[in-house]
Amino acid sequence: MAESKNNYKDTLNLPVTDFDMRAALLQKEPAIQARWKADDLYGQIRAARAGAGRFILHDGPPYANGDIRMGHALNKALKDFVVRLRTMEGLDSPYIPGWDCHGLPIEQKILDKLAAKAKQLPAGKIRQLCAEYADGFVKVQSDQFQRLGVMGEFAKPYVTMAPAYEAATLDVFARLVEAGLVYKQLKPVHWSIANRTALADAELEYEDRQDESITVMFALADGADAIPHEKGDTLALLIWTTTPWTLPANLAVAVHPRYDYVAVRVGLETGPVTLVLAQSRLEAVMGNPLTPWAKAGVRVQPMGTFKGQALIDAGVSYHHPLFEGKRGRVVPAEYVTLEDGTGLVHTAPGHGLEDYMTGLANRLEVYCPVQADGTFDDTAPDFIRGVDVWKANALIVERLKQNGMLVVSETITHSYPHDWRSKTPTIFRATEQWFVAVDKPFGPKGQSLRRMAITACGKVADEGGVDFIPAWGRNRILGMLETRPDWCLSRQRAWGLPIPAFYNEAGRPLLTAKSVRTVAAVVAQKGAQAWFDCTPAELLAGYDPADDEQVDYPAEFAVETLTRGEDIFDVWFESGSSWFAVAMQRGLVQNIPVDLYLEGSDQHRGWFQLSLLPALGAAGVAPFKAVLTHGFVVDKDGKKMSKSVGNTVDVLEQLNKRGADVLRLWVAFQNYQDDVRCSEELIAQTEDAYRKIRNTLRFAMGACGDFDPATDAADPANHSVDLWMKMELHALVADVREAYDRYEFHRAARMLYEFCTVQASSVYFSAVKDRLYCESPNALRRRACQTVIHQVLTTLIKLLAPIIPHTAEEAWGHIPHREVGEPASVHLALLPEADQALLRLAGDLRPVNVDDAAAAPDRLEGGPAWTWRRLMELRQAALIKLEALRKDVKNPLDAEAVFHVASDADAEFIETYIREMEDLLGVGYARVERVDSLPEGVSIDVSVGDTREKYQRCARSWKRRPDVGTHPEYPDLSVRDAIVMKELKAR
RNA sequence: GGGCUUGUAGCUCAGUUGGUUAGAGCGCGCCCCUGAUAAGGGCGAGGUCGUAGGUCCGACUCCUACCAGGCCCA
């Protein structure tokens with residue numbers, strides 16, 4: 001029987017294609033990428049779009065350090081979707097990838113490698129090694145991004161360490177200086193006494209260390225009314241510290257406004273004292289057996305409680321314990337904790353970051369009597385002048401004891417930061433730093449940067465503001481803008497762009513718009529290294545302070561007398577200037593804003609904000625029209641990925657195992673607005689989806705093997721499933737393009753995938769196989785179907801191209817005959833447009849009016865959407881019955897579907913579509929049967945039946961139908977097949 | 001601890017202004033086909049919508065608290 005079944009195989013039009021079923025992406029993608037490169041596809045696209053509307057996605061620079069990670073892939077894939085998509089919309093969308101090259105991580109890597117040798121090498125040599133290191137990873141990452149299929153100007157990327165970029169950064173800086181936004185101020189930093197240098201957090205090692213932990217009384221000066229006490233008593237605030245050497249710099253005592261504080265009375269040798277401390281610390285502090293009252297066995301008498309706010313409201317101040325005649329005051333601070341200490345926090349703005357912030361909030365001076373070598377300067381009390389802080393500790397404790405202000409002193413062991421190179425303990429020390437003022441009004445409108453930034457982020461793009469995708473990004477950045485402090489621009493490191501400040505002999509800085517621009521011109525030529533290689537006179541060649549209106553006393557700043565500053569820029573200032581250094585200087589836009597910035601949601605605080613501020617300060621406008629953020633790549637349980645936990649997924653491994661298009665498709669499927677879960681298995685699942693898409697394309701390709709739209713195209717019949725397919729296809733085009741336009745890639749990808757699975761494969765392709773295979777090659781019914789499939793194929797490839805560019809390109813090249821005028825590369829093509837007439841048809845839900853139908857059955861016509869929904873429901877009902885029949889009849893071609901109708905209208909309706917129903921069900925035969933009545937609520941009832949005894953099987957189409965055997969020349973065929981055979985024979 | 005944010009079937013996503021039995025595809029199970037074949041098709045089983053309260057005639061949807069995550073701060 002198997003033999004007889006295949007007698008007519010050679011007479012069928014089976015699919016023909018050389019588009020491989022197996023993807024072999026690992027071989028094909030690199031080849032396709034090589035061809036793109038050889039053909040300069042990017043250049044071709046740019047040329048083709050010259051003069052078209054621009055769309056600029058400006059790339060945020062990843063750090064040039066190490067191989068790319070999954071997060072990079074997510075980010076770059078999304079960017080590439082956007083660029084390719086806008087390009088296929090007909091826009092000119094150049095993309096210049098960039099890298100962030102300066103900064104501590106690279107410097108540290110180099111210093112680690114050099115180890116002890118680092119000290120002997122000149123700074124210039126270290127900078128050179130850093131540059132080489134960064135350059136190496138720019139190349140590595142560039143290759144990796146290109147392997148992912150990212151399209152852009154990789155031949156000429158931007159790097160923040162390039163001379164032109166550095167000069168442009170200085171240009172932006174000069175404009176901020178010009179606007180009067182740059183100033184110098186003290187700020188505490190981690191300081192290594194041994195190396196006389198500032199340290200970054202990453203350069204600290206925490207080690208246990210023994211220190212004196214002391215509890216000290218600060219005698220009250222003012223505000224006694226706020227504290228319950230007995231008249232005549234001495235009053236004092238109780239504070240605690242493990243760094244007695246910071247006490248000379250004490251300017252305030254911080255309390256938590258909402259915590260409860262208590263006044264307690266104790267009798268001391270010197271007389272009764274009422275002490276203030278946090279209520280919940282009472283037991284721990286007062287109960288300490290080392291206190292004088294504990295030692296003397298004196299009772300502690302509570303006097304009453306009050307909120308911290310009461311101390312602030314009363315303007316409580318105290319006598320400084322080490323400075324005669326100096327007073328400090330009580331200030332509020334939310335960070336006060338009750339875990340240790342007294343709940344009243346000794347505050348020295350020159351010696352702690354929190355203290356410093358508190359100081360800023362309360363207008364305290366940043367006082368720091370400790371010099372770079374760790375000794376106290378002349379502003380410190382006599383007994384510690386010139387003494388280093390560690391020795392001063394003991395002296396200060398001793399002095400407090402003599403004053404009678406020391407309550408407890410005990411040695412404790414605690415974790416303390418050490419300089420990881422010298423292994424010596426570090427201190428917090430206020431040093432001069434450069435800042436950008438966020439609250440200073442400037443420019444023609446007299447607004448502050450903060451005001452301008454909040455205004456820009458508070459409006460939508462149409463009103464001159466910024467769009468945020470997702471929308472909550474707006475709130476997030478606004479919250480940050482409202483509370484951010486002035487921007488500290490300076491770092492004390494080697495690997496970076498120098499802040500071009502000069503100092504005169506008196507130590508006063510020269511930093512003006514003109515001086516910065518003069519240096520920038522040198523940097524543009526020789527790079528930032530010029531700062532180190534050239535003398536101040538060379539750097540300032542042509543600059544005369546006398547001609548500079550920003551210099552008040554030119555005589556004091558004679559160029560020959562100047563020395564160079566040693567600070568470098570915060571790397572964020574460099575990347576935050578890219579809107580100018582790249583977008584404008586490389587001619588992407590005449591003026592900012594660009595269309596889109598697209599980064600992870602951490603960049604609300606990072607690159608977005610730190611691009612916004614320089615742009616507002618230097619250009620007066622935001623650098624972007626829209627900001628799109630994506631979440632982070634997390635593991636399959638939604639937990640953060642970390643090497644130590646071992647839940648990371650290596651992107652390069654995946655790339656080399658499954659290919660770029662699979663990884664890109666995986667990205668496309670994710671709703672990036674939330675965190676993106678990732679694991680080996682989750683990516684593996686995408687391979688199934690990829691295969692399904694690929695096979696859908698392949699079948700369509702095979703079906704068009706002998707089809708050329710230029711000569712063979714035919715319109716589908718009005719009542720054919722072809723028309724349904726066209727409506728579905730154009731609805732897909734409209735939906736996908738809308739999703740694309742909103743950057744909802746996961747919706748687009750999902751719709752495309754489901755279309756491949758359901759509408760195309762499961763419904764349409766299954767249904768039309770009979771006519772494709774069995775009809776005569778040129779039969780209208782077949783050509784019309786091929787016309788639709790060809791459209792489906794072309795449309796799918798184009799819509800898929802931004803997401804899986806390699807597969808799309810491969811498929812594009814395998815379309816037997818493309819439409820006339822289509823370009824050689826799919827990436828030069830335009831996205832398909834939805835046919836509005838078809839969309840209207842697809843939305844036509846006009847139901848049949850049963851009454852009208854009875855009156856005028858010839859006008860019976862429902863809207864296509866209504867009709868096809870009804871037909872698909874019938875299909876579903878029939879399929880369920882077929883499934884039940886499968887117990888006896890395995891093959892649907894051995895079954896028939898019978899549609900029972902009771903009215904003329906229903907009869908006519910189903911007769912019209914009976915041939916389509918036969919195909920949609922895959923049965924051998926379908927027919928209509930009149931019945932007298934049907935169950936309540938049923939207008940068309942479907943049943944299925946076994947036809948193995950009833951009809952003969954057609955040896956060609958394998959369908960069992962009543963007409964098999966009726967044709968005299970081909971008794972083993974159905975009439976349709978017999979006629980086709982005659983026709984084929986006649987050829 | 002604070003700001004922003006997420007939590008619907010094993011997975012990835014839908015779920016319109018609160019309104020019948022919460023949908024899809026994949027995966028899974030069973031079955032079919034062997035003329036898309038390292039393919040294709042059919043049917044089916046899966047969800048107390050993070051938890052607990054509350055508002056309401058009615059809550060996946062609104063409110064509160066809590067739990068578990070994420071980013072950024074402290």
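Computed over heavy atoms, backbone and side chain alike; hydrogens, waters and symmetry mates excluded. In what follows, chains are A, B, ... by sequence order, proteins preceding strands, each numbered from 1.
Ring centroid separation for the pair A:H790 and A:F707 comes in under the 6.0 Å cut-off. Between A:Y672 and A:H746, the gap from one ring centroid to the other reaches at least 6.0 Å. Between A:F19 and A:H814, the gap from one ring centroid to the other is short of 6.0 Å. For A:W607 and A:Y597, the ring centers are positioned less than 6.0 Å apart. Ring centroids of A:F669 and A:Y753 are separated by less than 6.0 Å, placing the two rings close together.
Within the 4.0 Å cut-off from OP1 or OP2 of B:rA14, at least one side-chain nitrogen or oxygen of A:H746 is found. For A:R691, no side-chain nitrogen or oxygen approaches OP1 or OP2 of B:rG40 to under 4.0 Å. Residue A:Q685 places no side-chain N or O under 4.0 Å from the OP1 or OP2 atom of B:rG10. An OP1 or OP2 oxygen of B:rG42 is reached within less than 4.0 angstrom by a side-chain nitrogen or oxygen of A:R875. Look at A:K640 and you'll find a side-chain N or O under 4.0 angstrom from OP1 or OP2 of B:rC71. Applying the 4.0 Å criterion to OP1 and OP2 of B:rG10, one finds that A:K636 has every side-chain N and O outside that range. In this structure, A:N671 reaches the B:rA14 phosphate: one of its side-chain N or O atoms is under 4.0 Å from OP1 or OP2.
Counting atom types as modelled, A:R698 pairs no side-chain N or O with a base atom of B:rA36 as donor and acceptor under 3.5 Å. Judged by distance alone with a 3.5 Å cut-off, a donor-acceptor contact links the side chain of A:R476 to the base of B:rC71.
A straight line from CG of A:D602 to P of B:rC71 spans 9 Å, rounded to a whole angstrom. When the P atom of B:rC32 is taken as reference, atom CG of A:N891 falls 11 Å away, rounded to whole Å. Atom CZ of A:F632 and atom P of B:rU6 are 16 Å apart (whole Å). The CG atom of A:L879 sits 21 Å away from the P atom of B:rC30 (whole-angstrom rounding). The CG-P distance, from A:D894 to B:rU34, rounds to 9 Å in whole Å. In this structure, A:H604 atom NE2 and B:rG2 atom P are separated by 21 Å, rounded to whole Å. Following rounding to the nearest Å, A:E687 (CD) and B:rC26 (P) show an atom-to-atom distance of 17 Å. The interatomic distance linking A:R474 (CZ) with B:rG3 (P) rounds to 21 Å, in whole Å.
Residues A:E754 and A:Q759 have side chains that never bring a donor and an acceptor to within less than 3.5 angstrom of each other.
Closest to the A:V634 side chain, of the nucleotides B:rA14, B:rU6, B:rG70, is B:rG70. Comparing B:rG42, B:rC71, B:rA14 against the side chain of A:E883 picks out B:rG42 as the nearest. Set against B:rC31, B:rU37, B:rC13, the side chain of A:M21 has B:rU37 as its closest nucleotide. With B:rG35, B:rC4, B:rG42 as the choices, the nucleotide that has an atom nearest any side-chain atom of A:Y773 turns out to be B:rG35. If you check B:rA36, B:rC11, B:rC33 against the side chain of A:K890, the one that comes closest is B:rC33. Here B:rU12 is the nucleotide among B:rG41, B:rG35, B:rU12 with the atom lying nearest to any side-chain atom of A:Q670. Nearest to the side-chain atoms of A:N695 among the listed nucleotides B:rC43, B:rA36, B:rC13 stands B:rA36.
Among the heavy atoms of the strands lying under 4.0 Å from A:R605 are primed sugar atoms or P, OP1, OP2 only; no base atom is included. Nucleic acid contact class of A:G638 (heavy atoms, under 4.0 Å, all strands): sugar-phosphate only. If you check every strand for non-hydrogen atoms under 4.0 Å, A:E354 touches sugar and phosphate atoms only. As judged by a 4.0 angstrom heavy-atom cut-off over every strand, A:M480 is placed among residues touching the sugar-phosphate backbone only. A:Q673 comes within contact range of no nucleotide atom at all, as no heavy-atom separation falls under 4.0 Å.
Contacts of A:Q670 classified as side chain to side chain donor-acceptor pair (under 3.5 Å), with partners at least two apart in sequence or in another chain: none.
Base orientation at B:rG46 is syn, since its O4'-C1' glycosidic dihedral falls within 90° of 0.
Shown here, B:rG40 forms a base pair with B:rC32; the pair counts as Watson-Crick or G-U wobble because both key distances fall under 3.5 Å. B:rU51 is paired with B:rA65 under the criterion used here, namely a Watson-Crick or G-U wobble arrangement in which both key atom distances are under 3.5 Å.
Contacts classified as ring-ring contact (aromatic ring centres under 6.0 Å, His included) and involving residues 673-704 of chain A (residues at least two apart or in different chains) are given here: A:F699-A:F765.
Annotation: side chain of A:I693 is not in contact with side chain of A:L752 (no heavy-atom distance under 4.5 Å). Counting heavy atoms from C-beta outward, A:R961 and A:V964 have side chains that approach closer than 4.5 Å.
Residues of residues 750-770 of chain A that place a heavy atom closer than 4.0 Å to RNA chain B, in numerical order, are A:R750, A:Y753, A:E754, A:T757, A:V758, A:S761, A:S762, A:F765, A:S766, A:K769.
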